[in-house]
Amino acid sequence: MPQESHLERERRGKIARWRAEGREPFPWSFPDRTLIREVRALTSSLAPGEEVAGRTVRVAGRLLTIRSHGGTSFIDLEDASGTLQLLLTVHELGEAFYTSWLADLDPGDIVGAIGLPAVSRRGEPSLRIQSLELLAKAIAPPPEKFHGLQDPEERIRRRYLDLMSSAESRERFRLRSLLTREIRGYFDRAGFLEVETPILLRVAGGAAAAPFVTRSRYLDSELQLRISIELSLKQLLIGGLERVYEIGRCFRNEDLDSTHSPEFTMLELYWAYADYHDMRRLMEGLFERLGTRMLEWQPDSEAARSAAQLFRPPFATLDFVQALEERSGIRDLLSRPTPELGELARRCGATVPADSPPGVFLDKLFEHYVEPTIDRPTFVVDHPASTTPLAKRHRSLPGRVERFEIHYRGFEIGNCYTELNDPDEQERRFQEQLTARGEERYAYDAEFVEALRHGMPPATGIGFGIERIVMALTGAKSIKDVILFPQVRSR
RNA sequence: GGGCCCGUAGCUCAGGCCGGCAGAGCAGGCGGCUCUUAACCGCAAGGUCAGGGGUUCAAAUCCCCUCGGGCCCGCCA
């Protein structure tokens, strides 16, 4: 931590003075607290200059500012429910208490206050103070009272400073929690069972991403941190749990950017005897509900208003191949040889290895020609089979799989398939992934293929990033704004 | 990993192009002020200009390297 500043020496001096007078600067509790929001409500019917007679309340929170006018002083106090002005007069408190309290308190201190709810002469809801108590001295000073903490690096490294100085930041993380709970409730009501499956695996599969690798001292073997939840959850379908989901951390050994973080929270859900059409309806219902709830929580938020307005079923649909052919002017995409697709992808700026499987090039072309044109919630459907080794082939479109992605605000927030459940075809698709390029894309998971051989009911499954949903609904521009402690380099 | 930009007091920021005493506001100290709310007024204090090296009589400023961050690209359901 930084060297102690003169501010901190000053504050330590105040602690010493506090102790010398027999007062404890870090007491144990502050019982019978009333929330600031409730105190403000008590003052709502008062006229300026009035107070609630004979009704003493106790509030506690962080001291924000002190405005001292000689014989009268004002302190702004903040708890999780709001802010409240404390009103102190030398007349009511007496010379000794008044001066010592003002001298020994600083912005950032945690303070308990006892007084009468009142409204100041200028109309501000207040607490007319009878007694104050220091509950925890802040030795280090808080961020600047008006501008707060601006440095994006410090806001992440010392998130507590960001939170204490930014109600907006606190609100964004509160919304993340509310949204997660809402998602849970929606799937619970639909009859899905929440489960927990391993994070430490011998083979991390189910997605094309590099895993973090660690080691077990007891098994004397390498373990990988999961990159998706897919293969574990499908084994539960084989076991007879017909509707399951998990919300949990996944890890991918990659760089961060505005929509990716090496550790992030995934929601995956699998549904036996249903297909991707059923999943579309389930998702439309979920997003409609999230939009409605956001508007209840945040009636003034632009992002919430547009979500509530746009998340109305049925969402727009774009056929992957048809949309790409239309917007790029390239015909017969699926019958073109792989090297030609590679050349087309390179021509629109993609830098991908020339020996990649065709699906990689098609994804790049789609990103270039179609994705930027998607501005409202849209299902992109029926991808070329080569893009997706874990999805079931399309029942009527050759060369395609039954899949949809939900796009909104320029990025993908969810990905669904009718699941591949033919073990022999699954094995073939895994093999193709291995041979298509020198390095592995989807890891070959022999235990998963073995499980499939015991029969997995026809099913649909979806995965989406909780952070992406929170971003979409709160209007956050970076994934770091919706993760409390994003990865940072040590310094 | 590549390109561009940024790092000055505890916090928010000037100064940098054109080298010449290190600046302001908030917070803190001292003094004043009995209804303010980014309170106000006066005085004094506060610096490893991210770190290291170089050019120069002289470097926060110009050059090089390192560290950290931001944006874009790459990697990436």
Side-chain angles (χ1 to χ4, degrees), chain A residues 1-11 13-14 48-49 64-76 83-92 98 103 106-108 118-126 128 138-158 161 165 206-210 227-230 250 252-262 264 266 268 349-353 360 363 367 383 387-391 403 405-406 411-417 439 441-442 461-465 468 477-478 480 488-491:
Chain A
M1 275 286 106
Q3 260 192 346
E4 200 150 281
S5 67
H6 66 286
L7 295 174
E8 297 176 354
R9 284 195 299 276
E10 202 64 54
R11 286 164 179 242
K14 292 177 184 180
L64 300 179
T65 62
I66 302 174
R67 295 179 294 282
S68 174
H69 294 252
T72 298
S73 292
F74 304 91
I75 288 175
D76 289 339
T83 65
L84 183 67
Q85 170 173 278
L86 310 182
L87 202 161
L88 296 77
T89 63
V90 66
H91 171 71
E92 284 173 291
Y98 181 79
D106 291 293
V119 170
S120 76
R121 275 180 230 158
R122 294 291 177 88
E124 177 73 18
S126 304
R128 188 171 282 281
I139 292 162
E144 208 256 2
K145 66 180 176 187
F146 185 63
H147 298 92
L149 191 64
Q150 295 298 322
D151 181 347
E153 179 178 356
E154 287 302 309
R155 291 180 54 197
I156 290 171
R157 283 187 193 271
R158 300 200 277 170
L161 293 181
S165 63
I227 56 176
S228 83
I229 319 178
E230 175 151 1
C250 288
R252 297 186 179 182
N253 207 332
E254 296 156 0
D255 208 356
L256 320 75
D257 65 26
S258 60
T259 55
H260 296 83
S261 166
F264 63 103
M266 183 96 97
E268 292 201 36
T351 53
V352 279
V360 171
D363 274 335
E367 267 172 43
H383 298 57
T387 62
T388 318
L390 293 161
R403 172 181 176 189
E405 295 174 301
I406 307 171
F411 50 87
E412 176 201 332
I413 53 182
N415 186 23
C416 162
Y417 321 135
E439 71 186 88
R441 288 182 53 75
Y442 283 73
I462 190 163
F464 48 74
R468 301 257 179 114
K477 295 202 168 44
S478 168
K480 291 177 203 154
V488 282
R489 290 173 198 271
S490 64
R491 58 176 174 191

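Per chain, numbering begins at 1; letters A, B, ... match sequence-line order.
Residue A/Glu10 places its side chain closer to B/G29 than to any other of B/G10, B/C75, B/G29. Here the side chain of A/Thr72 is nearest to one of B/C75, B/C35, B/A38, namely B/C35. Residue A/Ser68 has its side chain nearest to B/C33 when only B/C33, B/A38, B/G28 are considered. For A/Ser120, the listed nucleotide lying nearest its side chain is B/U37; candidates were B/U37, B/G28, B/C76. Nearest to the side chain of A/Leu7, among B/U37, B/C75, B/G28, sits B/G28. For A/His6, counting side-chain heavy atoms from C-beta on, the closest listed nucleotide (B/U34, B/G46, B/C76) is B/G46.
Distance CD1 (A/Ile227) to C1' (B/C76): 11 Å, rounded to an integer number of Å. For the pair A/His69 NE2 and B/U37 C1', the computed distance is 8 Å after rounding to whole Å. B/G10 atom C1' lies 7 Å from atom CD of A/Glu8, rounded to whole Å. Computed from coordinates, the A/Leu149 CG to B/A27 P distance equals 17 Å when rounded to whole Å. Rounding to whole angstrom units, CD of residue A/Glu144 and C1' of B/A27 are separated by 8 Å. Between A/Ile75 atom CD1 and B/U34 atom P the separation is 17 Å, expressed in whole Å. The distance from atom CZ of A/Phe74 to atom P of B/C33 is 16 Å, rounded to the nearest whole Å. Atom CZ in A/Arg128 sits about 9 Å away from atom C1' in B/C35, given to the nearest Å.
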Report summary line: A correct 5'-to-3' footprint of nucleotides 68-73 of chain B, with B, S and - meaning base, sugar-phosphate only and no protein heavy atom under 4.0 Å, is SSS---
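A donor-acceptor distance shorter than 3.5 angstrom exists from the side chain of A/Thr89 to the backbone of A/Glu92, with no hydrogens or angles considered. Put simply, the side chain of A/Arg468 gets close to the backbone of A/Glu412: a donor and an acceptor are under 3.5 Å apart. Side chain of A/Arg128 to main chain of A/Leu87: no donor-acceptor pair is present (N/O by atom type, distance under 3.5 Å, no hydrogens or angles). Between the side chain of A/Ser478 and the backbone N or O of A/Lys480, at least one donor-acceptor pair lies under 3.5 Å. Of the possible polar contacts, one joining the A/Tyr98 side chain to the A/Thr72 backbone as a donor-acceptor pair under 3.5 Å is found.
Comparing B/C26 with B/U37, their C1' atoms are spaced 15 Å from each other, to the whole Å. If you take atom P in B/U66 and the same atom in B/A9, they sit 24 Å apart, rounded to whole Å. For the C1' atoms, the distance from B/C71 to B/G53 is 29 Å, rounded to whole Å. Only the P atoms considered, B/C17 is 28 Å distant from B/G69, to the nearest whole Å. If you take atom P in B/A50 and the same atom in B/C13, they sit 15 Å apart, rounded to whole Å. Here the separation of B/U56 from B/C63, taken at their P atoms, is 16 Å to the nearest Å. Separating the C1' atom of B/G42 from that of B/C5 is a span of 42 Å, rounded to the nearest Å. Rounded to a whole angstrom, the distance from the P atom of B/G32 to that of B/A38 is 25 Å.
Screening A/His383, A/Glu268, A/Arg403 for a side-chain hydrogen bond (donor to acceptor under 3.5 Å, both in side chains) with A/Asn415, the sole residue that qualifies is A/Arg403.
Looking only at atom types and distance, the side chain of A/Asp76 has a donor-acceptor partner in the side chain of A/Thr65 under 3.5 Å away. A/His147 and A/Gln150 are not linked by any side-chain donor-acceptor pair at a separation below 3.5 angstrom, with hydrogens and angles left out of the test.
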Report task. Give the dot-bracket string for RNA chain B, reading 5' to 3', where a pair is Watson-Crick or G-U wobble with both distances under 3.5 Å, ( ) marks pairs inside the strand, [ ] marks pairs crossing earlier ones, | marks a partner on another strand, and . marks unpaired. Result -> (((((((..((((......[..))))..((((.......))))......(((((..]....))))))))))))....
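Residues A/Asp363 and A/Thr65 each lie close to RNA chain B; by heavy-atom proximity, the contact nearer the 5' end of the strand is made by A/Thr65.
For A/Arg121 against A/Pro48, the heavy-atom pair with the smallest separation is O-CB, 3.5 Å. Across every non-hydrogen atom of A/Leu256 and A/Pro262, the tightest pair is CG-CD, 3.7 Å.
Contact annotation for A/Gly148: backbone-only contact, meaning every heavy-atom pair under 4.0 Å involves sugar-phosphate atoms and none involves a base. Here A/Gln150 lies in heavy-atom contact (under 4.0 Å) with sugar-phosphate atoms only.
The aromatic ring centroids of A/Phe74 and A/His69 lie less than 6.0 Å from each other.
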